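Notes follow once the structure below has been shown.
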Protein chains: 2
Amino acid sequence: MGSAAPDDPEVRAPPDNEKGSTMATPPARRPLQPRPETARRREEILRAAIATFGAKGYKGPLSDIAEQVGMTHAGVLHYFGSKSALLLEVLKFRDFEDVEDLPTHHMPGDAGLFRHLVKTAFLNARRAGIVQAFTVLSSEAVTDDHPARSFFEERYVNLRAEVADAFRVMCAEEGIDAPETVDRAAASILAVMDGLQIQWLLDPTAVELGETTEFAIEAIVAQVLSPRDTPLSSPPRSPTD
Amino acid sequence: MGSAAPDDPEVRAPPDNEKGSTMATPPARRPLQPRPETARRREEILRAAIATFGAKGYKGPLSDIAEQVGMTHAGVLHYFGSKSALLLEVLKFRDFEDVEDLPTHHMPGDAGLFRHLVKTAFLNARRAGIVQAFTVLSSEAVTDDHPARSFFEERYVNLRAEVADAFRVMCAEEGIDAPETVDRAAASILAVMDGLQIQWLLDPTAVELGETTEFAIEAIVAQVLSPRDTPLSSPPRSPTD
DNA sequence: CCCATCTTACTTTCTCGACAGTAAGTTAAA
DNA sequence: TTTAACTTACTGTCGAGAAAGTAAGATGGG
């Protein structure tokens with residue numbers, strides 16, 4: 001039991017007197033001063049974990065992460081309890097960082113959202129490590145019992161809702177009503193961002209991440225706000241079945 | 001060395017006489033009749049591997065695959081030599097199947113390509129196993145030394161080129177010249193297909209795979225053939241750096 | 001200010017389960 | 001009687017987590 005997260009407030013149960021009956025609440029001590037080093041070390045580990053999960057996936061050994069911060073794998077477990085707990089903290093950490101520098105500290109709800117997404121894509125082109133971690137993990141997570149599966153499930157639900165809300169605001173301004181299109185467009189925008197990251201990670205010279213994301217988002221937004229008749233005559237049902 | 005793929009034509013080197021010198025080509029026998037069972041077993045294994053790689057990723061144990069065909073893991077290795085060799089054969093097998101039922105046996109080069117892609121998306125909505133295998137593996141493959149990395153690198157290069165060619169054909173018909181846009185649109189179309197598959201695999205009830213793919217492809221095609229001015233006033237450069 | 005004591009922040013070491021690949025033996029078909 | 005198509009058994013390795021020990025701060029009492 002020496003491996004609980006040290007700064008977890010829940011864990012601090014001061015031991016009541018449990019020896020004899022004559023003892024009067026002996027040492028109700030609580031030197032709960034989390035050392036200032038601790039927070040910094042934790043963040044060091046998180047950043048190393050991002051790099052390693054990105055480079056090797058979740059299955060990469062804990063010792064890879066530990067070495068980067070000059071520690072043994074047991075030291076990392078001391079901070080995070082288990083490998084999957086570390087993974088989930090990594091994911092939350094990056095999501096937090098993503099909106100950290102926004103003035104309102106959460107995403108804009110109107111057309112500004114799309115500008116924010118494009119800006120993020122340009123930014124991502126400068127930080128392959130983090131992008132790779134999220135890309136690898138979000139796809140690994142579709143496997144049946146992956147520890148990050150529910151994290152990503154919820155994440156996409158929330159993101160789609162945010163994007164769809166932004167679309168609805170814009171549609172209202174233009175007097176457009178197309179609920180189905182809005183939902184599909186929201187999913188498409190997230191999809192194109194993820195998909196472009198895969199291609200970019202496989203060959204950064206082959207895809208311009210920022211510019212291509214911008215193009216695709218503009219295409220989808222345009223199709224929502226002023227739909228054109230389809231140039232593909234579509235018999236969409238599969239013929240052979 | 002007893003574990004080479006049994007039907008690999010390269011491996012069939014009949015042993016010349018190497019015993020003594022007076023012996024005259026003693027038993028130049030060749031019972032090299034690959035049994036008809038063999039090809040069927042191989043395909044059984046490949047299909048089981050698709051299901052398992054999809055459900056558990058590449059890191060899933062070989063014995064999972066072996067059990068599905070009533071074999072031990074060593075039996076699987078007898079056919080494919082190594083786990084990564086099996087992986088690569090799985091990938092090639094699925095790519096082959098994809099165009100197998102096309103009349104020309106390769107993808108159309110014009111607007112028909114986009115119809116084919118949409119049709120494939122509707123079809124994929126019926127076969128989660130194969131989709132999941134490709135989705136999981138293509139993202140796992142971005143890790144540094146994954147055995148399937150170069151497979152996917154080349155695959156995207158080829159697919160982007162095919163889609164871009166189709167765009168160029170259509171642009172020529174319409175008298176449009178926009179080479180950069182064509183390249184970005186090609187990458188975007190593949191991206192949106194991959195990204196939608198991730199979301200769909202995480203929650204099939206949340207995303208309509210076929211319909212949404214169709215919407216996104218139409219949006220991108222429309223933007224190429226008749227681009228509109230951007231509704232997003234864009235200062236794309238990242239401000240804080 | 002200093003000492004006794006508790007806690008944090010690790011390390012070393014061990015266990016135990018997976019799992020890929022190998023080697024040798026077995027059966028049956030050609 | 002040779003070879004393909006396996007099986008059983010074994011090996012080596014790797015990796016997560018538990019256990020226990022240790023060193024260095026804090027903390028409070030005097």
Side-chain angles (χ1 to χ4, degrees), chain A residues 1-9 11-15 25-45 49 52-53 56-67 69-87 145 147, chain B residues 1-9 11-15 17 26-42 44-45 49 52-53 56-67 69-87 147:
Chain A
M1 274 296 180
S3 57
D7 53 350
D8 191 349
V11 188
R12 304 275 152 258
T25 57
R29 206 86 108 77
R30 59 157 188 65
L32 317 213
Q33 198 83 337
R35 296 196 204 159
E37 268 293 287
T38 303
R40 228 182 313 149
R41 290 293 267 169
R42 271 181 69 90
E43 195 169 321
E44 265 186 81
I45 296 172
T52 302
F53 286 151
K56 315 254 189 178
Y58 176 63
K59 71 175 178 193
L62 260 187
S63 50
D64 281 7
I65 297 167
E67 276 169 23
V69 294
M71 220 185 258
T72 63
H73 86 276
V76 173
L77 289 176
H78 168 69
Y79 279 92
F80 294 94
S82 77
K83 195 189 181 187
S84 55
L86 170 61
L87 170 63
D145 53 348
Chain B
M1 277 295 179
S3 56
D7 54 348
D8 191 348
V11 188
R12 304 274 152 257
N17 57 335
R29 255 287 218 128
R30 59 155 187 69
L32 318 214
Q33 199 83 335
R35 297 194 203 160
E37 267 295 286
T38 303
R40 228 183 314 149
R41 289 303 301 225
R42 272 182 67 91
E44 266 186 81
I45 296 172
T52 301
F53 287 151
K56 315 252 189 180
Y58 177 62
K59 70 177 180 192
L62 260 186
S63 51
D64 281 8
I65 296 167
E67 276 169 22
V69 294
M71 219 185 259
T72 63
H73 86 276
V76 174
L77 288 176
H78 169 70
Y79 280 91
F80 294 94
S82 77
K83 196 189 182 188
S84 54
L86 169 61
L87 170 63

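Since this is a predicted model, take the numbers as computed values, not measurements. Order of the sequence lines sets the chain letters (A, B, ...), proteins ahead of strands, with each chain counted from 1.
One can place CD of E37(B) at 12 Å from C1' of dA4(D), the figure rounded to the nearest angstrom. Taking atom CE of M71(A) as the reference point, atom P of dT12(C) lies 13 Å away to the nearest angstrom. Counting to the nearest Å, the C1' atom of dA16(D) and the CZ atom of F80(A) are 16 Å from each other. Rounded to whole Å, the distance from CG on L86(A) to C1' on dG15(D) is 15 Å. Look at NE2 on H78(B): it is 15 Å from C1' on dG21(C), rounded to the nearest Å. Atoms CG (L62(A)) and P (dA18(D)) sit 12 Å apart, rounded to a whole Å. Rounded to a whole Å, the NZ atom of K56(B) is 13 Å from the P atom of dA20(C). Between R42(A) atom CZ and dC10(C) atom P there is a gap of 12 Å when expressed in whole angstrom units.
In this structure T72(A) satisfies the side-chain contact (heavy atoms from CB on, under 4.5 Å) test together with A74(A), sequence neighbours excluded.
The phosphate of dA4(D) (OP1 or OP2) has no side-chain N or O of R41(B) nearer than 4.0 angstrom.
Using modelled atom types, no side-chain atom of K56(A) and backbone atom of D64(A) make a donor-acceptor pair closer than 3.5 Å. Listed for the S63(A) side chain is no donor-acceptor partner under 3.5 Å among the backbone atoms of A66(A). Between the Y79(A) side chain and the L86(A) main chain, no donor and acceptor come within less than 3.5 Å of each other.
A salt bridge is absent between R40(A) and E43(A): the closest approach of a Lys/Arg side-chain nitrogen to an acidic carboxylate oxygen does not fall below 4.0 angstrom.
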Next on the checklist: With side-chain contact (heavy atoms from CB on, under 4.5 Å) as the criterion, how do I65(A) and H73(A) come out once you've worked through the C-alpha distance, each side chain's angles and the decisive distance to 0.1 Å?
Outcome noted: CA-CA 8 Å; I65(A) 297 167; H73(A) 86 276; over 6 Å; no
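Between atom CD1 of residue I45(A) and atom CZ of residue R41(A) there is a gap of 6.5 Å, rounded to the nearest 0.5 Å.
Picking from dG17(D), dT8(D), dA18(D) the nucleotide with the shortest atom distance to the side chain of A74(A) gives dA18(D). Listed nucleotides: dG17(D), dT12(C), dG21(C). Nearest to the side chain of K83(A): dG17(D). For P61(B), counting side-chain heavy atoms from C-beta on, the closest listed nucleotide (dT12(C), dC19(C), dA16(D)) is dC19(C).
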Atom pairs under 3.5 Å: protein N/O with N/O of nucleotides 24-26 of chain C:
none

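Side chain H73(B) to base dG21(C): a donor-acceptor pair is found below 3.5 Å.
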